Amino acid sequence: MTLGGKKMVEIDISNSQPLLFGLYLKENYSSLTPDMEHFIQLVESGTFYDYLKGLLVHYRLKFTQDTFKSEFFGKVFYSKEIKFHPWRCLFHLYFPCVSEAILQAKGAKPYETPGDPYLLTSKLSLLESQIMLQGVANSLYGAKITEFIPIHDAIYCTEEYRDVVIATIYEEYAKWGITPHIKWNTANLEM
């Protein structure tokens with residue numbers, strides 16, 4: 001992928017939605033429990049999904065690599081919580097207070113009151129736009145950098161600005177008290 005004839009790179013934030021939920025936990029809970037701290041450590045290091053896959057393998061719960069993330073969100077983060085799926089039960093076992101915070105964010109009581117997944121998605125989307133658009137994109141524009149395209153948890157930019165964009169992402173997340181794991185590679189998309 002190129003922009004004005006210049007090669008672009010994709011700069012991506014690993015485990016972005018869970019990372020944003022880690023930020024939500026930090027903002028909404030004055031005291032974090034050990035499982036909340038563990039959750040945040042996993043999402044900041046970019047190893048959260050691998051950790052969950054390891055648990056699924058250990059407990060012989062099937063998943064496919066291609067659909068893992070969408071299944072995880074559908075069964076854990078964004079379900080209506082009418083009943084717990086086995087993945088949700090496993091998540092609750094290892095992250096009980098994080099699980100409870102997800103329920104509260106959606107207004108759910110398992111087996112009693114269905115939750116509204118849009119309450120959680122809108123909270124996380126708002127945080128993401130505050131950081132990536134109002135924070136990172138505005139900082140880049142302020143530095144007269146215009147060769148970038150923000151797409152949710154990723155930014156495509158020309159190679160010459162890669163290091164500046166990465167540094168800006170770290171700076172903006174630091175303002176929120178959380179450290180993302182960032183990966184980058186040459187963008188292979190056609191536009």
Side-chain angles (χ1 to χ4, degrees), residues 1-52 68-70 72-73 76-78 95 97-98 101-102 104-105 118-189 191:
M1 183 162 111
T2 62
L3 179 65
K6 297 178 183 178
K7 216 175 201 183
M8 296 191 78
V9 295
E10 174 190 19
I11 300 167
D12 183 60
I13 297 166
S14 300
N15 305 164
S16 179
Q17 290 294 302
L19 179 70
L20 291 167
F21 194 72
L23 174 55
Y24 172 85
L25 293 172
K26 285 183 154 192
E27 288 198 324
N28 290 280
Y29 293 86
S30 56
S31 177
L32 297 177
T33 62
D35 72 295
M36 288 176 171
E37 292 282 356
H38 183 222
F39 175 83
I40 291 169
Q41 182 270 323
L42 289 169
V43 296
E44 284 186 322
S45 67
T47 59
F48 176 69
Y49 294 138
D50 291 334
Y51 181 83
L52 285 180
F68 170 78
K69 280 172 64 172
S70 62
F72 166 73
F73 286 112
V76 178
F77 261 53
Y78 302 135
F95 300 100
C97 295
V98 176
I102 291 170
Q104 288 175 7
Y118 296 109
L119 292 174
L120 181 56
T121 58
S122 63
K123 289 173 187 175
L124 298 184
S125 293
L126 180 60
L127 281 172
E128 186 173 62
S129 69
Q130 287 176 313
I131 296 169
M132 295 299 282
L133 297 177
Q134 295 171 15
V136 176
N138 278 343
S139 292
L140 293 172
Y141 283 129
K144 307 290 187 228
I145 298 170
T146 58
E147 294 177 356
F148 71 93
I149 302 166
I151 302 175
H152 302 292
D153 63 345
I155 292 184
Y156 293 82
C157 67
T158 55
E159 288 182 323
E160 69 185 288
Y161 293 115
R162 180 194 69 219
D163 294 339
V164 174
V165 170
I166 290 171
T168 304
I169 292 170
Y170 279 127
E171 288 169 14
E172 289 300 322
Y173 271 87
K175 291 176 185 176
W176 292 82
I178 203 151
T179 306
H181 179 268
I182 297 174
K183 56 189 176 194
W184 64 272
N185 56 41
T186 302
N188 292 320
L189 297 176
M191 290 189 88

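Given the structure is predicted, the values throughout are model-derived calculations rather than measurements.
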Salt bridge E172-K175, side-chain N to carboxylate O under 4.0 Å: yes

Could you work out, with side chain to side chain contact (heavy atoms under 4.5 Å, CB included) as the rule, every residue matching [X], not counting sequence neighbours?
X	result
S125	none
H38	Q41, L42, Y51, F95
Y118	D116, T121

What's the spacing between [X] [atom1] and [Y] [atom2] if we round to 0.5 Å?
X	Y	atom1	atom2	answer
Q130	N138	CD	CG	12.0 Å
L19	E128	CG	CD	10.0 Å
L126	K123	CG	NZ	10.5 Å
R162	K7	CZ	NZ	12.0 Å
I166	K183	CD1	NZ	13.0 Å
C97	I102	SG	CD1	11.5 Å

Answer yes or no: is there a side-chain heavy-atom contact under 4.5 Å between [X] and [Y]?
X	Y	answer
P180	I169	yes
L120	Y24	no
S14	Y49	no
I131	L20	yes
F148	T168	no
N28	Q104	no

Under the salt bridge (charged side-chain N to carboxylate O under 4.0 Å, His left out) test, residues paired with E160 that sit two or more places apart: K6

Distance-minimising heavy-atom pair for G22 and I178: C-CD1, 3.9 Å

Nearest non-hydrogen partners of E44 and T179, listed with the distance: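 Result for this residue pair: OE2-N, 2.8 Å.
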
Stepwise ring-ring contact (aromatic ring centres under 6.0 Å, His included) check, F72 with F48: CA-CA 11 Å; F72 166 73; F48 176 69; 5.6 Å; yes

Selection residues 165-184 - residue pairs positive for ring pair (Phe, Tyr, Trp, His ring centres under 6.0 Å), sequence neighbours left out: none

Plane angle bin for F77 and F73 - parallel if under 30°, tilted between 30 and 60°, otherwise perpendicular: perpendicular

Side chain to side chain contact (heavy atoms under 4.5 Å, CB included) between V98 and F21, intermediate numbers included: CA-CA 9 Å; V98 176; F21 194 72; 3.9 Å; yes

Residues which pass ring-ring contact (aromatic ring centres under 6.0 Å, His included) with Y161, listed by chain and number, not counting sequence neighbours: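 Y161: no ring-ring contact (aromatic ring centres under 6.0 Å, His included) contacts found.
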
Side chain to side chain contact (heavy atoms under 4.5 Å, CB included) assessment of Y141 paired with T146: CA-CA 6 Å; Y141 283 129; T146 58; 4.0 Å; yes

Partner of D153 by side-chain contact (heavy atoms from CB on, under 4.5 Å), out of D12, N15, I11: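 Of D12, N15, I11, side-chain contact (heavy atoms from CB on, under 4.5 Å) with D153 is met by D12 alone.
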
